Amino acid sequence: MEDPWKREFEFAVEVARKAGAEIRKAGESEIRVMTKSCTVDLVTKTDERVEKIIIGSLKEEFGEGTHCFIGEESVAKGEACVLTDKPTWIIDPVDGTTNFVHGFPFVAVSIGFAVNKELEFGVVYSCLEDKMYKAQKGKGAFCNDEPIQVSDVQDIKKSIIISEHGVDRSPEKVTKIFSTMQKILCIPVHGLRGSGTAATNMCLVACGAVEAFFEIGIHCWDIAAGAVIVKEAGGLLLDVNGGPFDLMSRRMVSANSDTIAQRIIKEIEIFPVVRDDALVQKK
Ligand SMILES: O=P(O)(O)O[C@H]1[C@H](O)[C@@H](O)[C@@H](O)[C@@H](O)[C@@H]1O
Ligand SMILES: [Mg+2]
């Protein structure tokens, strides 16, 4: 099978590893914490610096203007968040920023790549675990170069389900989030978990450690890379209402099978979120 984005894929792995080393080094010194949308939506100088390193490296390697970029911290500063047909890098430089600030050991660099709005490959480097997850469309999923695949558990009562509460602390949303989690927990499932980073959660689905991850409120940069990795590991992605997966919708179910996905979807109490491509952009 032809491999038109091989060079971009291989370079993305290199850049993710370099970014991960920067995060580990930064974690050993004073971390300056700032906030974005609310007091618990944290960002650090490391997030911003690492994103600049990633995008700068990609522009140097592939030229200015040939590719588009959607980066979490660039969007936070007003850059557009619109997926066009052009080759587009979808980047979360530090997924699990709150974990990074607290020294909770799950922090990932997430680099997805889409062409004609189709995800071509994804790289997630869990840098404190030194686990490099990667996948190209049609070519399987790997962790540290070993093939990975989703769990074969079909009985929801023998599953672990992962989700996150996100950063929105409005009572109506928190109530729906925890009501959903309570319903799933009391199916009962073996357990509920959350690593604090969507990208890592998706890789845990892909390697069969858990059966499903769902969340309402994530962003395209959290899940673009993980989406390819889950699919190439034999999993699937759906909207939380059971419809087709929509990268920009800020909601998603990723699972090892449709059986588990549909059972989760039955319990999810949906609340509205503003799409990534509807975010107000810099004038
Ligand atoms: O660490 P982030 O890049 O901000 O993304 C996290 C988010 O902060 C957290 O609230 C959850 O939504 C996670 O799933 C995200 O990866
Ligand atoms: Mg993130």
Side-chain angles (χ1 to χ4, degrees), residues 16 19-20 22-23 26-27 31 33-51 54 69-77 79 81 89-112 122-129 133 161-170 173-174 176-178 180-181 192-206 210 212-227 229-230 237 240 247-254 268 271 273-276 279:
E22 285 294 322
I23 293 167
I31 297 173
V33 185
M34 301 164 283
T35 59
K36 292 190 290 190
S37 62
C38 65
T39 59
V40 296
D41 185 8
L42 308 185
V43 63
T44 71
K45 280 296 176 202
T46 305
D47 297 68
E48 294 171 347
R49 187 166 55 81
V50 168
E51 183 165 306
I54 294 171
F69 297 87
I70 296 175
E72 176 172 2
E73 307 317 333
S74 310
V75 172
K77 291 189 183 312
E79 293 294 330
C81 184
W89 297 90
I90 306 166
I91 299 161
D92 187 342
V94 182
D95 191 37
T97 298
T98 302
N99 291 351
F100 172 62
V101 168
H102 286 266
F104 190 77
F106 295 101
V107 180
V109 180
S110 181
I111 301 176
V123 174
V124 173
Y125 181 43
S126 178
C127 60
L128 303 185
E129 297 179 282
Y133 296 92
I161 305 301
I162 262 194
S163 191
E164 300 286 341
H165 49 64
V167 295
D168 191 316
R169 295 290 189 272
S170 58
K173 289 186 182 169
V174 170
K176 283 185 183 286
I177 289 169
F178 281 91
T180 298
M181 288 192 186
L192 277 182
R193 299 287 186 274
S195 74
T197 130
T200 304
N201 291 338
M202 294 180 87
C203 292
L204 290 168
V205 173
V210 303
F213 163 57
F214 72 94
E215 186 173 353
I216 300 176
I218 29 96
H219 292 279
C220 59
W221 46 76
D222 294 315
I223 61 171
I229 295 168
V230 166
L237 297 123
V240 291
L247 178 63
M248 307 305 273
S249 67
R250 297 193 55 210
R251 57 193 225 179
M252 174 275 306
V253 177
S254 54
I268 296 176
F271 53 87
V273 286
V274 175
R275 291 177 59 89
D276 276 326
L279 293 171

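Remember, it's 1-based here, ligands and their atoms both numbered in the order they're listed. What you see is a predicted model, and the numbers here were worked out from it, not measured in a lab.
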*Asks:* Do ligand 1 and D92 have nitrogen or oxygen atoms that lie under 3.5 Å from each other?
*Replies:* yes

*Asks:* Report, in ascending order of atom number, the atoms of ligand 1 lying under 4.0 Å from any heavy atom of V167.
*Replies:*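 By the 4.0 Å cutoff, the relevant atoms are 10 (O).
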
*Asks:* Using every non-hydrogen atom in the two residues, find where G196 and N99 come nearest and quote the distance to one decimal.
*Replies:*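 Smallest interatomic distance, heavy atoms only, reads CA-ND2, 3.7 Å.
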
*Asks:* Tell me yes or no: between the side chains of S74 and E51, is some donor less than 3.5 Å from an acceptor?
*Replies:* yes

*Asks:* List ligand 1 atoms under 4.0 Å from D222, heavy atoms only on the residue side.
*Replies:*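 Answer for ligand 1: 3 (O), 5 (O), 15 (C), 16 (O).
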
*Asks:* Could you list which atoms of ligand 1 come closer than 4.0 Å to a heavy atom of V94?
*Replies:* 1 (O), 3 (O)

*Asks:* Between A198 and ligand 1, does any nitrogen or oxygen pair lie at a separation below 3.5 Å?
*Replies:* yes

*Asks:* State whether the side chain of D168 and the backbone N or O of V174 hold a donor-acceptor pair below 3.5 Å, judged by distance alone.
*Replies:*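 It does not hold such a pair.
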
*Asks:* Compare every heavy atom of W221 with every heavy atom of I91, then report the nearest pair and how far apart it is.
*Replies:*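 I91 and W221 have their closest heavy atoms at O-CB, 3.3 Å.
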
*Asks:* Could you find the nearest protein heavy atom to atom 10 (O) of ligand 1 and give me its residue, atom name and distance?
*Replies:* G166 CA, 3.3 Å

*Asks:* For V94 versus F100, what's the shortest heavy-atom pair and its separation?
*Replies:* CG1-CB, 4.2 Å

*Asks:* For N/O/S atoms only: which one belongs to D95 and is nearest the Mg ion (ligand 2)?
*Replies:*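 D95's closest N, O or S atom to the Mg ion (ligand 2) is named OD1.
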
*Asks:* At under 4.0 Å between heavy atoms, is it the side chain or the backbone of E72 that contacts ligand 1, or both, or neither?
*Replies:* side chain

*Asks:* Select one of side chain, backbone, both or neither to describe which atoms of T97 lie under 4.0 Å from any atom of ligand 1, heavy atoms only.
*Replies:* both

*Asks:* Do you know which two heavy atoms are closest between I23 and P93, and how far apart they sit?
*Replies:* CD1-O, 3.4 Å

*Asks:* If we ignore hydrogens and angles and just use 3.5 Å, is the side chain of D276 paired with the main-chain N or O of H219 as donor and acceptor?
*Replies:*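 Answer holds: no.
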
*Asks:* Does a donor on one side chain sit under 3.5 Å from an acceptor on the other, for S110 and D92?
*Replies:* no

*Asks:* Taking the side chain from D47 and the backbone from T44, do they hold a donor-acceptor pair closer than 3.5 Å?
*Replies:* yes

*Asks:* Write down the atom of A199, the atom of V124, and the distance for their closest heavy-atom approach.
*Replies:* CB-CG1, 3.9 Å

*Asks:* So which atom in R251 and which in V240 form the shortest heavy-atom distance, rounded to 0.1 Å?
*Replies:*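 For R251 versus V240, the nearest heavy atoms are NE-CG2, 3.5 Å.
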
*Asks:* Show which atoms of ligand 1 fall inside a sub-4.0 Å distance from at least one heavy-atom site of I218.
*Replies:* 14 (O)

*Asks:* With atom 12 (O) of ligand 1 as the reference point, say which of E73, E215, E164 has the nearest heavy atom.
*Replies:* E215

*Asks:* Taking 2.8 Å as the cut-off, does an N/O/S atom of D222 lie below it from the Mg ion (ligand 2)?
*Replies:* yes

*Asks:* Between S195 and N201, do the side chains contain a donor N or O and an acceptor N or O under 3.5 Å apart?
*Replies:* yes

*Asks:* Could you find the nearest protein heavy atom to atom 5 (O) of ligand 1 and give me its residue, atom name and distance?
*Replies:*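 Of every protein heavy atom, D95 OD1, 3.0 Å lies nearest to atom 5 (O) of ligand 1.
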
*Asks:* Run the numbers for me: atoms of ligand 1, each under 4.0 Å from some heavy atom of T197, listed by number.
*Replies:*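 Numbered from 1, ligand 1 contributes 16 (O).
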
*Asks:* Tell me whether T98 has any N or O atom under 3.5 angstrom from an N or O of ligand 1.
*Replies:*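 Checking ligand 1 against T98, no N or O pair falls under 3.5 Å apart.
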
*Asks:* May I ask which of S195, G196, G96 has a heavy atom nearer to atom 9 (C) of ligand 1 than the others do?
*Replies:*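 Looking at heavy atoms only, the winner is G196.
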
*Asks:* Within the protein, is there a heavy atom lying under 4.0 Å from atom 7 (C) of ligand 1?
*Replies:*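 No; the ligand atom in question lacks any protein heavy-atom contact below 4.0 Å.
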
*Asks:* What atom name does the N, O or S atom of D92 nearest to the Mg ion (ligand 2) carry?
*Replies:* OD2

*Asks:* Does any N or O of ligand 1 fall below 3.5 Å from an N or O anywhere on A199, backbone included?
*Replies:*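 N/O-N/O distance below 3.5 Å does not exist for this pair.
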
